[in-house]
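Note sheet for the following structure.
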Amino acid sequence: GHNITFNPEMLIMTWLVMIVILLLCFFATRKLAVIPTKIQSVFEIIIEFLKDVLESTLGKKDAPKFTPLIISIFVFVLVSNWIGIIPNILNFIGVLIAIIHKLFGGQVIIIKKSLTNIFISPPIGIWYDFLFKLPAIKEPTKFLSTDLSLALVIFFVVHINSIKSKGIGNYFKSYMEPLPSEGIWLYLFFLNPFFYLNVISQLANTLSHAFRLFGNIFGGGIIIVIVSELLRYFLLPVGLFAFFGLFSGAIQAFVFTMLAISYIAQQK
């Protein structure tokens, strides 16, 4: 009696991001060298930075077991945030090529309806025509289901690790703080208001973790669409693509990862 709805666009984009990451890893590790290539250097910087953060937050003993997970989450969120700007950048490159082609006598149609409405159409069959026909790509992190799934992974990792390190008894007692949790008070936990507040707090952390990433990525995309419709093929939309797609995308991946590390540290 229940309906399960699949979002094929989100699933396809998620698999596309994973394929891109696998290709990047392949090219980064294909020819490992003491003097690294550019792509190897990028991965080494990311890995060393996150390892240092984990060691300073969790300690050298606990950091190694969380390093693969944290690096994977950061790279996945980063590539997911960046992948949506690829068609926009290629489209802008096509516009520049079309304008240059027009200046050298090409049969490019440029109709200026107003300062904010310029129509550019290259000749049919020209080699760069495909740059104007690229489909729009949506970031997987623009879908709440992706962000909530990532947040749930962190939630289960945090609490499973907390139970393993504290023991089930001490883990349960931590939900009754700051009131006593010994003796008869342990059996009267349902009368302790802090028990419910602590449970709600943990659930709220997971929801806010997901909604923070979703809101920032979705909101940035909305701003880009609105301004791009007002100022077509001008430098301002390109600057917005660069800011919201590259800079903001990297910041949001960093924030999401740092919050995951802090949640692990709090429940360690």
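Contact check for Leu207 versus Leu148: side-chain heavy atoms found under the 4.5 Å cut-off. Between Ile70 and Ile264, some side-chain heavy-atom pair lies under the 4.5 Å cut-off. Residues Phe254 and Phe49 meet the side-chain proximity criterion, which asks for heavy atoms closer than 4.5 Å. Contact check for Gln40 versus Ile35: no side-chain heavy atoms found under the 4.5 Å cut-off. In this structure, Met18 and Trp15 have side chains that are in contact, with non-hydrogen atoms separated by less than 4.5 Å. With a 4.5 Å cut-off on side-chain heavy atoms, Ile124 and Asp129 do not count as touching. Considering only heavy atoms from C-beta on, Phe76 comes within 4.5 Å of Thr14 through its side chain. With contacts defined as side-chain heavy-atom distances shorter than 4.5 Å, the pair Phe195/Phe172 qualifies.
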>> I'd like to know whether His209 forms a ring-ring contact (aromatic ring centres under 6.0 Å, His included) with Phe155, so could you lay out the CA-CA distance, the side-chain angles of the two residues, the decisive distance to 0.1 Å, and finally the verdict.
In response: CA-CA 10 Å; His209 202 189; Phe155 174 84; over 10 Å; no
>> I'd like to know whether Met13 forms a side chain to side chain contact (heavy atoms under 4.5 Å, CB included) with Lys142, so could you lay out the CA-CA distance, the side-chain angles of the two residues, the decisive distance to 0.1 Å, and finally the verdict.
In response: CA-CA 11 Å; Met13 290 310 305; Lys142 192 176 287 185; over 6 Å; no
> Are Thr146 and Met10 close enough, and set up right, to give a side chain to side chain contact (heavy atoms under 4.5 Å, CB included), and what steps lead you there?
Replying inline: CA-CA 8 Å; Thr146 300; Met10 184 271 292; 3.4 Å; yes
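Rounded to the nearest 0.5 angstrom, Ser165 OG and Ile160 CD1 are separated by 12.0 Å. Expressed to the nearest 0.5 Å, how far CG of Leu131 lies from CG of Leu96 amounts to 10.5 Å. Within the model, atoms CG of Asp147 and CD1 of Ile217 stand 8.0 Å from one another, a figure rounded to the nearest 0.5 Å. Of the inter-residue distances, the one linking Ile261 atom CD1 with Thr57 atom OG1 reads 6.0 Å to the nearest 0.5 angstrom. From Leu144, atom CG reaches atom CG of Asn7 across 11.5 Å, with rounding to the nearest 0.5 Å. One finds the CD atom of Gln202 at 8.0 Å from the OG atom of Ser174 (value rounded to the nearest 0.5 Å).
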Distance-only criterion, 3.5 Å: show the donor-acceptor pairs between side-chain atoms of residues 20-28 and protein atoms not counting sequence neighbours.
none

Hey, can you pull the donor-acceptor pairs under 3.5 Å for the side chains in residues 97-106, sequence neighbours left out?
unit_1: His101; atom_1: ND1; unit_2: Tyr128; atom_2: OH; d: 2.8
unit_1: Lys102; atom_1: NZ; unit_2: Val108; atom_2: O; d: 3.2

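The closest side-chain donor-acceptor pair between Gln252 and Asn216 falls under 3.5 angstrom.
When atom types are taken as modelled, the side chain of Asn161 and the backbone of Val157 share no donor-acceptor pair closer than 3.5 angstrom. Distance alone, capped at 3.5 Å, places no donor-acceptor pair between the Ser162 side chain and the Val158 backbone.
Hydrophobic clustering, with ILVMFWY side chains joined whenever heavy atoms are under 4.5 angstrom apart, groups Val42 together with Ile71. Residues Ile45 and Leu32 are members of separate hydrophobic clusters, defined by side-chain heavy-atom contacts under 4.5 angstrom among Ile, Leu, Val, Met, Phe, Trp and Tyr. Each of Phe194 and Ile200 belongs to its own hydrophobic cluster when Ile, Leu, Val, Met, Phe, Trp and Tyr are linked at side-chain heavy-atom distances under 4.5 angstrom. Residues Ile83 and Ile12 fall into different hydrophobic clusters, defined by Ile, Leu, Val, Met, Phe, Trp and Tyr side chains chained together at heavy-atom separations under 4.5 Å.
Across Gly249 and Asn81, no two heavy atoms sit closer than the pair O-ND2, 2.9 Å. When every heavy atom of Ser80 is checked against every heavy atom of Thr141, the shortest pair comes out as CB-CG2, 3.8 Å. For the residue pair Pro36 and Glu44, the shortest heavy atom distance occurs at CG-OE1, 4.0 Å. Closest heavy-atom contact between Gln107 and Pro123: O-CG, 3.2 Å. Across all their heavy atoms, Phe256 and Ala151 have their closest contact at CZ-N, 4.1 Å. When every heavy atom of Lys138 is checked against every heavy atom of Glu9, the shortest pair comes out as CD-OE2, 3.4 Å.
No more than 12 heavy-atom neighbours from other residues, nucleotides or ligands sit within 6.0 angstrom of NZ on Lys51. Around OH of Tyr171, the count of heavy atoms belonging to other residues, nucleotides or ligands within 6.0 Å exceeds 12.
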